[in-house]
There are 2 protein chains.
Amino acid sequence: MAAQRGEGDGVVTSPEAPADVRERARAIPEAAVARLAVYLRVLSGMVEQGVTTISSEELAGAAGVNSAKLRKDLSYIGSYGTRGVGYDVEVLVSHIERILGLTRKHSVAVVGIGNLGHALANYGGFPSRGFPVAALFDIDPDLTGVPVGGIPVNHIDDITSVCSEREVSIGVIATPPQAAQAVCDRLVSAGVQCILNFAPVVLQVPDYVEVRKVDLAVEMQILSFHVARRADEAASDVVNGIGVDGVVIRP
Amino acid sequence: MAAQRGEGDGVVTSPEAPADVRERARAIPEAAVARLAVYLRVLSGMVEQGVTTISSEELAGAAGVNSAKLRKDLSYIGSYGTRGVGYDVEVLVSHIERILGLTRKHSVAVVGIGNLGHALANYGGFPSRGFPVAALFDIDPDLTGVPVGGIPVNHIDDITSVCSEREVSIGVIATPPQAAQAVCDRLVSAGVQCILNFAPVVLQVPDYVEVRKVDLAVEMQILSFHVARRADEAASDVVNGIGVDGVVIRP
DNA sequence: TACCGCTTGTGAACGCATGCACAAAGTTGA
DNA sequence: TCAACTTTGTGCATGCGTTCACAAGCGGTA
């Protein structure tokens, strides 16, 4: 069993190193993959605005990163820029889409049709970006057959058959924490290899399954930490003779 | 203007280094802070189960991390373990809560009462963990006054007065992307210094504001990348004489 | 064609986070 | 009291990611 990949982890590089497609893909750091997705969104906006060419400086600004980092990220997927000019927006879009595997549709199953599950099922951002919601599951028999966001809810017991039949490649867990591990196990045995987990639980999965987690409580607590740190700073700054607005009180 | 802190970024260390509380707090890597929140949740579960003492090995297992990393993370907040025994669960809980600033309540305002906003307003996990939802905002006048999750929705134009009056310390943006930057600007001018952004936009904020982003599209695309990588691997493995299940076909 | 200015792509250095391995320290049992 | 065992806390090495800085390359211009 392997714990899921958390934030900031790098891609695990294999010991052997054959120079082929696999290595090209493996060589991209996880952090860079996340940023590529951001670049892609910015670039899509550019296309709509009719922009045909963009420099690393501009794109970096719009994506909120350093331009050197941007260029390095793009270099992981090959050299598609023109020196002295910049990048062709459409070319870049198609290359990033290819690398991120967006040339293929990835069917999504949402498990747990509570508040969050409802929101996810109705979320228009998924289908429009190549992630059609293909199935919904809940343990409540009263929900079975009820359409949510246009898709009828299935009972969780049918997860294996429905998932393999509809070729679900990504499972989204939006259940209460107690149920999450069991749901995860079922998804895995249904052949789902990628899981997005909203439940505040550390899922145990086999090595070959990729888990990403979105943990609202953790996010809030990180922000809370920064609030506290800021309060500490302000307090010690005042003690040290610096006012709360950064003005030195006793120089 | 500073771009928001993305995943995996470290804490920015200040040039000067006075040995006081501030440095203690600053010295904790961002990644460690995120893990502390996870440890805290696991420990809370332990408390409910009546566990009084836990070793780094056990806690690390439950949190899905390496035990050395766990001990290092805990060492950032001080040495509260007993060699040969482990950690006192309750002591650890209270110390982590103190470091994360959870001894104080942090009022939350949710802006954008669509599907996601509804889900967030009704999400029980917030209040129970010290993050009471103190205000809801939307631009739709028809929603104004309508209670969602027990709290009446305010019009977005009242954001400044309501936020300062109710001492909101964390703003949650759950609006469509087009509105996000404007909402963010209003939150900032209302004095909110921590923002959790669900809109798929890179927010521009002053340096002193802390932004965390939760981007479902990016998460999905990262998973998509792994699906694609896996497909590539399988393909090249078959070419290289390794079957899809890892069995060597032509040794 | 030759030059000039601009932008990419990348080698190299730096810094942070991770994981190992062990000394220090505390507990248990005789 | 002492020895054996357990577990923490941490110095150190390793590896990854970020950033700098600059050579290479391309388009425009005379």
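Below, chain A is the first sequence line, B the second, and so on; all start at residue 1. Worth saying up front: this structure is predicted, and the values here are computed from it rather than measured.
Whole-Å rounding puts the B/L74 CG to D/dG9 P distance at 7 Å. Rounding to whole angstrom units, OH of residue A/Y80 and C1' of C/dT8 are separated by 15 Å. Atom P of nucleotide D/dG9 and atom CD1 of B/I77 are separated by 10 Å, given to the nearest angstrom. A straight line from CD1 of A/I54 to P of C/dT7 spans 12 Å, rounded to a whole angstrom. Regarding B/L59, its CG atom lies at a distance of 12 Å from the P atom of D/dG9, rounded to whole Å. Nucleotide C/dC6 holds its C1' atom 13 Å from the OH atom of A/Y87, rounded to whole Å. Atom NE2 of A/H95 is separated from atom P of C/dG9 by 11 Å (rounded to the nearest Å). For A/K69 and C/dC14, the NZ to C1' distance is 15 Å, given to the nearest whole Å.
Applying the side-chain hydrogen bond (donor to acceptor under 3.5 Å, both in side chains) criterion to B/S224, with sequence neighbours excluded, gives A/H106. By the side-chain hydrogen bond (donor to acceptor under 3.5 Å, both in side chains) test, B/R230 is found to be paired with no residue, residues two or more places apart in sequence or in another chain being considered.
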Under the side chain to side chain contact (heavy atoms under 4.5 Å, CB included) criterion, do B/L120 and B/F198 qualify, and how do the steps go? CA-CA 11 Å; B/L120 293 171; B/F198 286 90; 3.9 Å; yes
I'd like to know whether B/T53 forms a side chain to side chain contact (heavy atoms under 4.5 Å, CB included) with B/V89, so could you lay out the CA-CA distance, the side-chain angles of the two residues, the decisive distance to 0.1 Å, and finally the verdict. CA-CA 5 Å; B/T53 291; B/V89 176; 5.5 Å; no
Side chain to side chain contact (heavy atoms under 4.5 Å, CB included) between A/D88 and A/T82, worked out: CA-CA 8 Å; A/D88 182 291; A/T82 308; over 6 Å; no
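One finds the CD1 atom of A/I222 at 5.0 Å from the CD atom of A/E219 (value rounded to the nearest 0.5 Å). To the nearest 0.5 Å, atoms OH (B/Y123) and CZ (B/R129) are separated by 6.0 Å.
For residues 37-49 of chain A, proximity to DNA chain C is found at no residue, defined as any non-hydrogen atom under 4.0 angstrom from a strand atom.
Put simply, A/N66 has a side-chain N or O that comes within less than 4.0 Å of OP1 or OP2 on D/dC20. Neither OP1 nor OP2 of C/dA17 sits under 4.0 Å from any side-chain N or O of B/Y76.
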Protein N or O to nucleotides 10-13 of chain D N or O, pairs below 3.5 Å:
unit_1: D/dG11; atom_1: O6; unit_2: B/K72; atom_2: NZ; d: 3.3
unit_1: D/dC12; atom_1: N4; unit_2: B/K72; atom_2: NZ; d: 3.3

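In terms of position on DNA chain D, the residue among A/D73 and A/V85 whose nearest nucleotide sits closer to the 5' end is A/D73. In terms of position on DNA chain D, the residue among A/G84 and A/A32 whose nearest nucleotide sits closer to the 5' end is A/A32.
Listed candidates were D/dT18, D/dC26, C/dG26. Nearest to the side chain of B/T82 is C/dG26. Checking D/dT18, D/dT8, C/dC20 against the side-chain heavy atoms of A/A31 singles out D/dT18 as nearest.
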What side-chain donor-acceptor pairs closer than 3.5 Å can you find for residues 32-47 of chain B, not counting sequence neighbours?
unit_1: B/R35; atom_1: NE; unit_2: B/D73; atom_2: OD2; d: 2.6
unit_1: B/R35; atom_1: NH2; unit_2: B/D73; atom_2: OD1; d: 3.1
unit_1: B/R35; atom_1: NH2; unit_2: B/D73; atom_2: OD2; d: 3.4
unit_1: B/Y39; atom_1: OH; unit_2: B/D73; atom_2: OD2; d: 2.7
unit_1: B/R41; atom_1: NE; unit_2: A/P200; atom_2: O; d: 2.9
unit_1: B/R41; atom_1: NH1; unit_2: A/D215; atom_2: OD1; d: 3.4
unit_1: B/R41; atom_1: NH1; unit_2: A/D215; atom_2: OD2; d: 2.5
unit_1: B/R41; atom_1: NH2; unit_2: A/D215; atom_2: OD2; d: 2.9
unit_1: B/S44; atom_1: OG; unit_2: B/L40; atom_2: O; d: 2.8

When the side chains of residues 173-181 of chain A are checked against the rest of the protein, which donor-acceptor pairs come out under 3.5 Å, sequence neighbours left out?
unit_1: A/Q181; atom_1: OE1; unit_2: A/Q204; atom_2: N; d: 2.9
unit_1: A/Q181; atom_1: NE2; unit_2: A/D185; atom_2: OD1; d: 2.9
unit_1: A/Q181; atom_1: NE2; unit_2: A/Q204; atom_2: O; d: 3.0

